[in-house]
Each structure stands twice: as structure tokens, then as C-alpha cells.
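Just follow the structure's listing: the first ligand is 1, and inside any ligand the first atom is 1.
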Amino acid sequence: MEKRLNVILGRQFGETLGTADDAQIYAALAALVREELESRPKIEGKKKLYYVSAEFLMGKLLSNNLIALGLFDEAKTVLARYGVALSRIEEQEREPSLGNGGLGRLAACFLDSIAALGLCGDGAGLCYHDGLFHQTFVGNKQCETPDPWMQGEGWLRKTDVRFPVVLGEKTVEATMRDVDIPGANGGKNTLHLFDLDTVDEGIIRDGIAFDKTDIEHNLTLFLYPDDSDEDGRLLRVYQQYFMVSCTAQLILKELAERGYAPERLHEHVVVQINDTHPTMLIPELIRLLTQEHGMSMDAAIAEVERTCAYTNHTILAEALEKWPMRFLERAAAPIVPIIRELDRRIRAKIKDESVQIIDAHDVVHMAHIDIHYGFSVNGVAALHTKILKESELAAFDRLYPGKFNNKTNGITLRRWLEHCNQPLTAYLETVIGAGFRRDARELEKLLAFRQDEGVLKALLAIKRENKAALSSFLERRQGVRIDPDSVFDVQVKRLHEYKRQQMNALWAIHTILEIRAGRVPARPVTMIFGAKAAPAYEAAKDIIHLILCLSELVRRDAQVNKHLNIVMIENYDVTSAEAVIPACDISEQISLASKEASGTGNMKFMANGAVTLGTLDGANVEIHELVGEENIAVFGRHSDEVIALYESGGYKPAEYAARPEIKPLLDFITGDELTAVGDRESLARLHDNLTKKDYFMALLDLQDYIRVKRALLERYEDRMGWAKMMLVNIAKSGYFSSDRTIAQYNEEIWRL
Ligand SMILES: *Cc1c(COP(=O)(O)O)cnc(C)c1O
């Protein structure tokens with residue numbers, strides 16, 4: 001490798017490893033990896049999977065690819081000879097901004113595992129030029145700017161594949177860029193990203209604003225552009241139809257190239273529809289089969305029904321996509337007659353109005369298309385699937401017994417343990433051997449060492465090392481310093497009221513008041529937040545504002561900041577996740593029970609030896625079962641109680657807000673100290689929201705949360721006891737490997 005790197009450096013820059021700068025070494029390593037990827041054979045199969053998703057939150061790819069190619073250790077050693085740390089070279093790479101949070105990251109973990117298991121399966125999505133947005137903090141508020149990640153990007157390959165797509169009144173030509181997805185055990189798959197050459201960054205003005213009606217120039221500029229108005233919502237439909245039309249054409253083109261007739265579609269193709277964004281793939285495939293391949297409507301529908309499977313990611317009513325028919329008539333006109341036909345067929349069979357595709361207001365329920373015309377519907381954690389079957393989608397479950405199934409999410413431990421936590425990985429190898437890198441269940445071998453003082457001490461020492469590393473990461477990235485000997489209490493995830501960052505912020509206020517009253521924590525606590533709020537989601541932005549104001553207030557208060565520090569990571573992304581997760585002591589997973597479908601952050605933290613502080617929601621329920629009551633801290637109302645409260649309307653936040661334990665915390669939000677550093681209007685709105693609406697019931701669980709968090713912090717002082725909890729969490733995390741999840745998808749849904 002040393003020789004090859006020197007050859008590339010000489011050819012491209014006239015340098016050598018001894019003389020090149022970081023950017024040049026990055027370019028050379030990336031070129032070498034691309035050469036290796038090119039010579040790898042594609043994974044082939046009689047049946048091919050297409051994983052279609054509006055998001056793929058890939059993270060940086062250099063190390064991931066080096067690991068998959070088996071070149072990581074060699075690269076590290078070669079560079080070290082020249083005094084160069086591979087981790088420093090990685091900082092040259094810009095992370096692709098093709099996702100928002102858990103949904104997109106799941107898709108990325110799945111692509112990694114599909115390739116690792118040697119399954120023939122490609123991803124399909126869109127190539128957003130400026131990603132979601134880049135977040136900065138200005139005046140204690142979130143500020144959005146474009147994220148031009150494609151500049152200097154090395155992993156996208158231009159292809160000469162072109163597809164015509166009807167875009168409103170015009171037909172445009174779509175282009176396709178590919179990203180190689182190498183398998184950890186050989187071979188490679190591909191992520192296909194569709195794009196439009198006419199898209200023009202020049203139309204963006206102040207921040208991330210642009211003309212939402214200029215579809216030819218804005219189509220793939222941003223992921224989820226502001227949908228607070230009708231033009232923004234219409235743009236989403238344009239994006240979705242564009243994505244699925246390209247994907248459907250690709251599927252049929254490749255089917256023909258592989259020598260199979262469209263009449264045999266379901267024998268050679270399976271499509272996984274990741275949430276409802278790609279739903280229009282179903283009518284688009286039917287349209288192409290009938291209009292361009294001469295199949296009858298009956299035959300085309302029958303084929304597509306046996307080809308498509310749908311994953312549901314949410315039970316939040318506001319997140320279930322519904323589009324007025326007039327939107328589809330403008331942005332997806334070619335498939336409107338097909339959707340009407342699909343609706344007509346259901347109406348002819350089933351009278352129940354609640355399961356129809358087009359409702360009485362001429363609004364199209366996207367998930368209903370997937371459920372009627374897909375052969376599988378899966379939830380993403382045991383509790384989530386149970387709620388889907390028993391309440392949210394119970395009518396559908398009765399119609400289609402056996403169609404609903406569960407696939408508990410997973411994460412690729414190649415990125416979320418082996419790469420992000422190299423000290424722990426190296427140490428685990430010395431204790432239990434390297435087998436866990438191939439089969440994550442082997443992490444359980446660690447349980448034999450739960451009484452071994454040497455092992456427990458080593459786990460604590462590695463955690464301390466990772467905390468120091470995070471401290472320097474944050475200092476480099478945003479100039480803040482944190483104390484590695486404090487407790488790292490971490491809540492990083494998208495900002496949403498159901499995830500209840502506001503409840504954690506109330507704990508911060510509680511702690512400030514406790515410290516001032518002389519009740520100081522046994523050890524300083526560093527609260528670490530990281531979250532982006534959707535640009536049009538005002539309540540979420542108010543919560544960010546509160547956290548940033550609290551952070552400033554504490555920073556300025558010498559009495560408090562000896563015991564409490566609050567930092568918020570700017571532009572929380574995969575790269576910062578990889579830095580913060582190995583350093584975490586307490587993993588905050590405090591969503592309102594029944595609202596978090598699964599969560600995957602919870603799994604990443606667990607694998608890295610953090611202890612979960614959470615509600616019995618999503619996959620936390622399965623974590624709780626696996627590690628046992630004594631190795632997790634749970635609190636709060638259970639999902640069935642919460643669902644009953646919603647049904648009865650019995651939750652009255654004002655009653656909680658008046659309690660003597662809670663009122664001072666709420667008053668603090670609008671008190672003089674905070675309004676001196678913050679925006680009175682935003683803080684007052686947040687205060688009002690909590691005391692009058694509190695739709696996600698933060699106050700309901702607040703006192704229990706404070707009680708359980710206090711007890712957990714006390715347990716932290718029993719260092720060996722804590723290390724034992726860490727050990728059990730790491731040992732039991734193998735279940736959450738996405739290799740396990742993907743093996744289940746394949747055995748029970750895809751059958752590749
Ligand atoms: C894993 C991950 C998420 C999802 O976190 P949750 O806690 O499951 O919501 C979001 N963003 C990034 C960058 C991640 O890596």
C-alpha cells in the first residue's frame with residue numbers, strides 16, 4: 001500500500017507520503033480505495049432487492065470502505081510510519097448530507113449489512129446537492145445554511161444512465177450517480193442516487209430560502225425543503241414522484257438486462273419501501289408494466305403486489321403522509337388514473353371507510369396504498385409492531401392476517417463499534433477473541449468476565465480515554481472544553497417534542513436550583529445535547545433556544561458551573577455521533593412511551609458501554625429485557641397508559657404545572673435570568689406550550705425522571721458496580737447488529 005500511495009501522490013501532486021499534506025494524503029487514499037472498489041465484483045443473484053428510501057445518512061466513507069476492504073489496519077500502520085494519524089486524514093472528508101436522522105441512518109446501516117451478508121441488493125434515492133442544511137448557532141438560536149457536501153466529493157460516480165420523467169407539464173431527463181457499497185466479506189452493491197442536471201444552487205438566497213415553484217431548478221437542492229406552505233409540500237411530491245419514476249425504470253431496465261420477462265417481476269425483484277416517501281413506486285411500476293410492457297391491469301397489479309414490501313416507521317398521526325389529489329394531479333399526473341383504479345378495487349371489496357386509499361376529501365393516504373398493495377408490512381421494534389397491529393392499523397391487520405410482521409432495527413457494529421471505538425474493539429479482542437467482528441452475538445462471551453476486576457477497570461479506563469478524546473474533538477470543532485472526569489449525560493438525536501429534550505432541559509433547571517440551594521451532585525455533570533430542528537418547526541426551535549440559553553447561563557455562573565456544564569454540539573451529524581457515543585456514560589432515551597418507533601441511537605450507546613436512562617418505548621423495551629432490570633434505568637408511564645390518556649383526554653398539564661416541585665422550573669424559563677440571555681417571545685411560547693398543551697406529556701413523567709436520574713447518578717459513584725452495568729450492556733448489544741436484522745428481512749420477507 002505504501003508504494004501505491006506514493007505512486008498516486010507522485011502522479012497527482014508530485015509529492016510523497018513524507019511531503020504531502022493531509023488533503024493530498026486523503027485524496028491519494030481515496031483514489032486507492034476507488035481502484036480497489038472498481039476491481040471488486042458486483043454481488044449477483046437470481047433475485048435482486050431494491051431498498052428505496054428518500055434518505056441515506058451514510059456518514060464519511062473512507063474508513064468504512066477501508067474496513068470493508070480489509071485495508072484499514074494496513075492504512076493506519078503505513079500512515080503512522082510517517083507520523084500521520086488516519087483519524088486526522090479522515091477529517092478531510094465531508095460527510096454526505098443525504099439524511100435527517102434515524103430513518104436515513106437505518107438505511108445506511110442496512111446497505112452495509114446487505115453487502116456484508118453477500119446479498120444482491122442496491123439502494124435507490126435522491127442526490128440532494130445541499131443536503132438537509134448545515135446548522136450553526138447564532139444568538140442562542142439555530143441558523144440554517146446550505147451544506148454543499150458534493151464539492152470535492154470523491155465517492156459519487158457519474159453514470160450515463162438517463163431516464164425520462166414527467167415533471168409537471170414537461171418531460172425532463174434524469175441522471176444517475178452511483179456510490180459503491182463494498183461488503184465486509186467481499187463483493188459490492190450500489191447506491192443509486194437520481195438527480196437533475198438543471199438544478200441550480202444559484203437560486204438559493206439568504207440561508208436556505210429559494211423559489212419553491214421553480215421545480216426544474218430546485219428539485220434536488222435540499223432534502224425535505226420547508227413544507228410549512230403549499231409550495232413546499234408540492235415540491236415534496238415532485239421529489240417523490242421523480243425518485244420512484246427513476247427507480248421503477250431502473251428496476252425494469254435491469255430486469256431486462258438480466259434476461260427476465262416483466263411477467264416474472266416478483267420472482268427476480270423485491271422492493272423494500274422505506275417509510276411512505278417512495279410509495280408512488282407501486283402505481284408507477286403498474287403504469288410502466290401496463291403502458292410500456294403490454295401487461296393487463298390485473299396481471300400488472302398482481303405482479304407488483306407480490307414484489308413490494310413496506311416498512312412503517314411511525315405512529316405519529318402528523319407524520320403519516322397524506323396528499324391532496326390536486327397535488328398528485330400536478331406533480332405525479334401519469335399515475336393518478338392508476339391510483340384511482342387501485343382505490344376503486346379496494347372500495348369494491350371493502351366497505352370500511354377508514355381503510356380507503358382516497359378519502360371523502362379527495363386526499364390520498366400513502367400508507368394505505370402500501371398496506372393494500374404490498375405483500376409485507378413491518379414495524380421496527382416489538383412494541384411498535386404490537387401497537388400497529390392492536391391499535392393504529394388494527395383494521396388492516398384484520399383484513400390481512402399474517403401480512404404484519406416485526407423487524408427490530410439494528411446498527412452496523414462495523415461503524416458503531418469497530419470504527420468509532422477502536423480502543424474498546426482492540427481490548428475486547430484480547431478478552432473474547434475477534435469472533436464478535438463477524439458474529440456480533442459473540443459479544444456475550446464478555447458476560448463470563450462480569451466479576452473480573454481487571455476487565456472492569458479496563459472498561460472504565462477506555463471510557464475515560466474516549467471522554468478525553470471527545471473533549472478535544474469538541475475543542476477543535478467548536479472551541480468548547482468539557483471535563484473528562486465529569487459524568488457525560490448525553491441526548492443526541494433530531495429535535496422533536498416527542499423525544500422530550502424539553503424534559504431533560506427541565507432537569508437542568510432543577511439541577512441549577514438544587515446547586516444554588518446547596519445540594520450539589522456528588523460529581524460534576526456534563527450534559528451534552530445535539531439536535532437539528534426542522535426549519536419550520538417552531539416549537540423544536542424554541543427548545544434549542546432554551547438549551548442554548550441554559551448553556552450560556554451556566555457558563556456565566558461560577559457557583560453552578562463547578563457542578564454542571566451544558567453543551568450543545570453544533571450541526572449534529574454522523575461524524576459527531578461517532579465521537580460522542582463512545583464517550584457517553586448516560587444515554588438519554590426519554591421519549592413519551594408509544595411515540596418512538598424503535599430508536600437506533602439507544603443501540604449505538606449500549607454497544608459502547610453507556611447505561612440507558614429511558615422510558616419503556618421502542619427498542620428500549622428490548623434493551624430492558626436483554627440487560628435486565630438492574631442494568632438500565634427506566635421511568636415514566638407505560639405505552640398502554642399513555643394511549644389510554646390520549647383516548648380519554650385525561651391528561652391536564654396545568655395540574656402538573658401548578659405542583660410545587662414543577663412550578664419553579666417552569667417559572668425559570670420566563671424568569672429574568674433566562675430572558676436576559678434569550679428571546680422573551682420564544683421562551684414565553686415554550687412556557688405556554690408546556691403548561692397549556694404539553695402534547696407529548698413532558699410534565700407527566702418529569703418527577704419520576706428526576707427521581708430515577710438522581711438514583712442513577714448515585715450509582716455512578718460505585719465505579720465497579722457501574723463498570724459491571726457497562727459490561728452487560730456491551731455483551732448484550734449483539735442482538736442489535738443490523739446483520740441480524742437483515743438476515744431476518746431476508747428469511748422472512750425478501751427470500752433472496
Ligand atoms: C443514529 C443516529 C440518529 C438516530 O438517533 P435516535 O436516537 O434513534 O433518534 C440520528 N442522527 C444520527 C447522526 C445518528 O447517527
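Of the residues Lys188, Arg415, Arg105, Arg414, the one that meets the salt bridge (Lys or Arg N to Asp or Glu O under 4.0 Å) test with Asp112 is Arg414.
Aromatic ring orientation, Phe72 versus His419: perpendicular (interplanar angle above 60°, classes split at 30° and 60°). Taking the six-membered ring for Trp and thresholds of 30 and 60 degrees, Tyr646 and Tyr695 have ring planes inclined between 30 and 60 degrees apart. Ring planes of Phe110 and Tyr51: perpendicular class, angle over 60° (limits at 30 and 60°).
Between the side chains of Gln135 and Tyr572, no donor-acceptor pair is found at a separation under 3.5 Å.
Checked against side chain to side chain donor-acceptor pair (under 3.5 Å), Glu497 has the following partners two or more places apart in sequence or in another chain: Tyr537, Asn689.
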Less than 3.5 Å apart, N/O on ligand 1 and N/O on the protein: could you list those pairs with the distances?
residue  : atom   : partner : partner atom : Å
ligand 1 : 7 (O)  : Lys493  : NZ           : 2.7
ligand 1 : 8 (O)  : Thr600  : N            : 2.8
ligand 1 : 8 (O)  : Gly601  : N            : 3.0
ligand 1 : 9 (O)  : Lys499  : NZ           : 2.7
ligand 1 : 15 (O) : Lys604  : NZ           : 2.6

